[in-house]
Amino acid sequence: MVTTIGMLDSGVGGLTILRAIREQLPGQPVVYLADQAHVPYGVRKIEEVRGFTKEITRFLLAQGAKIIVVACNTASVAALGYLRAEFPETPFVGMEPAVKPAAEQTKTGVVGVLATYATFQTDVYNSVVERFAKNVTILQNHCPGLVNQIEKGDLSGSETRRILESALRPMLAQGIDTVVLGCTHYPFVIPLIQEIVGPGVRVIDPAPAIARQTQRLMTEKGWLADGIIGSEIRLITTGNAQNIENNLPLYLGYHLPIASIQWQDGKLG
Ligand code: DGL
């Protein structure tokens, strides 16, 4: 039996997690939904994000997924508990900004966190900071406009650079030695971030840890495939398939076809 992994994000961000999952679990088929009709999630109300993710989960399960990776920090901190309650039979892998490892590793005691505005508002995020970063100074920035730049495929142009410099320069001036990427879109701009902060600052990309967590959960369930037969990736967007398809080599390093599906009265398909 081959188990399909369902993945969701507001857009292309979760592809950073897909890349890591493909590396870790090359034998597993994946169905990935990019909710580009609603991107960015980071400026939306929590209740709204919950509604989207509930319907997307239902859709992914109907497509044959047995485990759901919420490859989006905003959706995870807003909706993971809610989704687990709504779909008690389904295992979920979710994300929270990697504040804990950052707080353990920092030498200067100053850590920068880049995440969406919505993520910073949630109790889940604030409780992580409260529990694990008591003795550390946490500097936050929600990088307005950065998700849209990445969605457009602009990973290193002048506007993308301006957004990142205005987030990171003040953090550098206050002594950060670690940057946490608390949004799955942001690993696409790690080269630019690293160029701005310099080699002395560590940038934490959560993707490999999420892939390992997915593997652990699937091993527990006995759901790992032996070979790589049938390990297809199905990409589906609620937005314009052509736009994302053109930029895919930038995000994944290769081309893939993408299907599109429309929201109708709060339902998919
Ligand atoms: N990629 C998402 C995250 O990890 C959401 C970005 C957005 O849509 O605002 O938070």
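Below, each value reflects all heavy atoms present in this structure, side chains not excepted, and no hydrogens, waters or symmetry copies. Each ligand, and each atom within it, is numbered from 1 in the order the structure gives.
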### Task
May I ask you to decide if the ring planes of Tyr251 and Phe188 are parallel, tilted or perpendicular, using 30° and 60° as cut-offs?
tilted

Tell me which protein heavy atom sits closest to [atom], plus the residue, atom name and distance to 0.1 Å.
atom	answer
atom 7 (C) of ligand 1	Tyr41 N, 3.3 Å
atom 2 (C) of ligand 1	Cys72 SG, 3.2 Å
atom 9 (O) of ligand 1	Gly42 N, 2.7 Å
atom 10 (O) of ligand 1	Thr74 OG1, 2.6 Å

#### Entry: Heavy-atom proximity to atom 4 (O) of ligand 1, best of Asn148, Asn73, Leu15, Ile150
Asn73

#### Entry: Salt bridge Glu159-Arg162, side-chain N to carboxylate O under 4.0 Å
yes

### Task
May I ask you to decide whether Arg58 forms a salt bridge with Glu55, counting only side-chain N to carboxylate O separations under 4.0 Å?
yes

### Message
His185 vs Leu146, test: side chain to side chain contact (heavy atoms under 4.5 Å, CB included). Steps then yes/no.
### Response
CA-CA 9 Å; His185 279 73; Leu146 185 56; over 6 Å; no

### Query
Strictly by modelled atom types, are Glu48 and His38 linked by a side-chain donor-acceptor pair under 3.5 Å?
no

### Message
For a quick check under 3.5 Å, do Ser260 and Thr237 share a side-chain donor-acceptor pair by atom type?
### Response
no

Record the part of [X] in heavy-atom contact with ligand 1 below 4.0 Å; permitted values are side chain, backbone, both and neither.
X	result
Ser10	side chain
Thr116	side chain
Val147	side chain
Val43	neither

### Message
I'd like to check whether Thr119 has a polar contact with ligand 1, where a contact means an N/O of the residue lying under 3.5 Å from an N/O of the ligand.
### Response
no

### Query
For ligand 1, which atoms, with element, lie under 4.0 Å from some heavy atom of Asp9?
1 (N), 2 (C)

### Query
Side chains of Val30 and Arg234: does their closest heavy-atom pair fall under 4.5 Å?
no

### Query
For atom CG of Asp123, is the number of surrounding heavy atoms from other residues, nucleotides or ligands below 6.0 Å larger than 12?
no

